[in-house]
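From a predicted model like this one, the values you see are computed outputs, not experimental measurements. So you know, we letter chains A, B, ... as the sequences are listed, proteins then strands, and number each from 1.
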Amino acid sequence: MSRSMPQPEYGIDPGELLAWFDTAERDLPWRRPEVTAWQILVSEFMLQQTPVNRVEPIWLDWIARWPTPSATAAASAADVLRAWGKLGYPRRAKRLHECAAVVAAEHGDVVPADVETLLGLPGVGTYTARAIACFAYRQRVPVVDTNVRRVVARVVHGVAETPARAGDLAEVAALLPEGLAAPRFSAALMELGAIVCTARNPRCGICPLSACRWKSAGYPPASTPARRVQRYAGTDRQVRGRLLDVLRAGTGPVTRAQLDVAWLTDTAQRDRALDSLLTDGLVEQTSTGLFALAGEGDDAGEGRAR
DNA sequence: ATCCGGAAAT
DNA sequence: ATTTCAGGAT
């Protein structure tokens, strides 16, 4: 195209990125070499929309208690929901429990390695399937999360952020180095987005990449007027959280009155939240009309005979 | 396009 | 008080 000047590459130099990662990589427990594919899967479920710092202690307890899919599947849903604690989005815990049952029963207690099969598992979507294929099985597949999307938007496209697009996977695939370096490259790209090329206050002064279109363009701010944020206080989500707090705190079924005190300001909202928890299968009603965490009355995982 | 937690940082 | 955080399901 342009013949006067050599066009700058503005890809992402694997050498620069990987050299930086060698020195800056965080020592996260699920990156240790002895960690199994299942345990990596557990970390990916927990990390969905949740910061690393909050996941770490819960993941450590979790894999010590339930190291395999079959061990997880043998636990009761109630025990799984209690172990999940206040990590948030408890439907993830239920999906993880369901995922464990599928892997144990249909895949010989071994996490599948191919993306297509992974995508069929409960709670495994576009990102998580490829993260497992890449980080657990060392495959050269594109792993696109919010960090990667942001880094590519800035370094390659010169804009502060871009919405998710259908072409994101192909674009990131084209950035991957050939051969065995791809998984580490993907981990490094995510790490760069997490600790240098961050959403709010990027630390461009310590960025290892010498070529960045966003830098060349003078760090233009986001053009789109910040999509409407999902609030939390006063929403059904908060009410659901309060109701689950009550059920997690106890050791068995509770009365409706015990649940009601969790949210007194809007009884219609409280009823709606409880309905949604029942619909999601996170809460169950006993034959005597009490409420309990799903599987609370079952003896699965309790080591008792029927 | 919406819903789904909760905590820490700013 | 707002923003952000290793997304998925509907």
Side-chain angles (χ1 to χ4, degrees), chain A residues 25-26 28-31 35 39-59 81 84-96 98-99 118-136 141-152 160-161 163-164 168-169 172 183 186-195 197-203 221-222 225-245 247-248 262-263 269 272-283:
Chain A
E25 177 179 9
R26 290 172 293 180
L28 303 179
W30 45 85
R31 288 177 174 166
V35 173
Q39 293 162 356
I40 290 173
L41 181 151
V42 172
S43 79
E44 293 298 346
F45 271 64
M46 292 182 174
L47 286 162
Q48 291 166 3
Q49 295 289 283
T50 308
V52 163
N53 300 333
R54 288 179 52 201
V55 167
E56 200 165 334
I58 297 188
W59 182 86
L81 287 169
W84 193 263
K86 295 179 76 68
L87 206 49
Y89 293 133
R91 290 191 298 191
R92 291 183 295 167
K94 181 155 180 56
R95 290 180 192 135
L96 179 56
E98 293 164 358
C99 183
L118 285 163
L119 284 169
L121 297 174
V124 176
T126 304
Y127 162 75
T128 304
R130 288 171 180 79
I132 294 165
C134 175
F135 301 135
V141 296
V143 181
V144 182
D145 73 331
T146 181
N147 286 312
V148 171
R149 199 150 29 233
R150 184 174 55 250
V151 171
V152 171
E161 57 189 52
D168 288 346
L169 282 177
V172 172
S186 284
L189 206 51
M190 292 175 62
E191 193 84 334
L192 188 71
I195 66 184
C197 195
T198 54
R200 257 185 308 196
N201 298 114
R203 306 167 66 189
R227 59 182 175 80
R228 211 197 74 201
V229 290
Q230 234 176 346
R231 69 203 181 290
Y232 174 58
T235 62
D236 289 4
R237 292 161 63 201
Q238 185 179 26
V239 182
R240 284 165 56 103
R242 292 291 179 81
L243 294 173
L244 283 181
D245 279 343
L247 294 169
R248 275 194 304 258
W263 195 261
Q269 184 181 36
R272 186 168 65 243
L274 180 54
D275 273 344
S276 74
L277 288 171
L278 290 162
T279 298
D280 286 347
L282 297 171
V283 176

Q) Which part of the nucleic acid does A:T146 contact within heavy-atom distance under 4.0 Å: base, sugar-phosphate only, or nothing? A) sugar-phosphate

Q: State whether the side chain of A:R54 and the backbone N or O of A:K86 hold a donor-acceptor pair below 3.5 Å, judged by distance alone.
A: yes

Q: Determine, for A:E191 against A:R31, whether the closest basic-nitrogen to carboxylate-oxygen distance falls under 4.0 angstrom.
A: yes

Q) Where along residues 236-245 of chain A does a heavy atom fall under 4.0 Å from DNA chain C? A) none

Q.
For A:V52 and A:G123, find the nucleotide of DNA chain C closest to each by heavy atoms; which residue's nucleotide sits nearer the 5' end?
A. A:V52

Q) Of all the nucleotides listed (B:dC4, C:dG8, C:dC5), which has the minimum atom distance to the side chain of A:Y89? A) B:dC4

Q.
Looking at A:Q48, I'd like to know whether one of its side-chain N or O atoms comes within less than 4.0 Å of OP1 or OP2 on C:dG7.
A. no

Q. If you look at every strand shown and take non-hydrogen atoms under 4.0 Å, does A:R26 touch a base, only sugar-phosphate, or nothing?
A. base

Q.
Here's a test of your reading of the structure: between A:N201 and A:L282, which maps to the more 5' nucleotide of DNA chain B?
A. A:L282

Q) When we call it a touch if two heavy atoms are under 4.0 Å apart, what does A:R248 touch: a base, just sugar-phosphate, or nothing? A) sugar-phosphate

Q.
Measuring to OP1 and OP2 of B:dG6, would you say a side-chain N or O of A:Y232 lies under 4.0 angstrom away?
A. yes

Q. Quick one: does A:T50 reach the base of B:dG5 with a side-chain donor-acceptor pair under 3.5 Å?
A. yes

(Q) Check the phosphate of C:dT4 against A:R54, side-chain N and O only, distance under 4.0 Å to OP1 or OP2. Yes or no? (A) no

Q: Quick one: label A:A131 by what it contacts on the DNA or RNA (base, sugar-phosphate, nothing), any heavy atom closer than 4.0 Å.
A: nothing

Q: Check whether any side-chain heavy atom of A:V141 sits under 4.5 Å from a side-chain heavy atom of A:L169, and report yes or no.
A: no

Q.
Heavy atoms from C-beta onward define the side chain here; which of C:dT3, B:dA7, C:dA6 lies closest to that of A:Y127?
A. C:dA6

Q: Consider the side chain of A:R150, meaning its heavy atoms from C-beta on, and name the nucleotide among C:dA9, C:dC5, C:dT4 that approaches it most closely.
A: C:dC5

Q.
In the structure I gave you, are the side-chain heavy atoms of A:Q39 and A:W59 within less than 4.5 Å of one another anywhere?
A. yes

Q) Is any side-chain heavy atom of A:S43 closer than 4.5 Å to a side-chain heavy atom of A:F135? A) no

Q. Between the main-chain N or O of A:G193 and the side-chain N or O of A:R150, is there a donor-acceptor pair closer than 3.5 Å?
A. yes

Q. Between C:dG8, C:dA6, B:dT10, which nucleotide has the shortest distance from any of its atoms to the side chain of A:T128?
A. C:dG8

Q: Identify the residue among A:D245, A:D280, A:D275 that makes a salt bridge (Lys or Arg N to Asp or Glu O under 4.0 Å) with A:R240.
A: A:D280

**Q.** Of A:L119 and A:R31, the one whose closest DNA chain C nucleotide lies more 5'
**A.** A:R31

Q. What does A:W84 touch in the nucleic acid at a heavy-atom separation under 4.0 angstrom: a base, only the sugar-phosphate, or nothing?
A. nothing

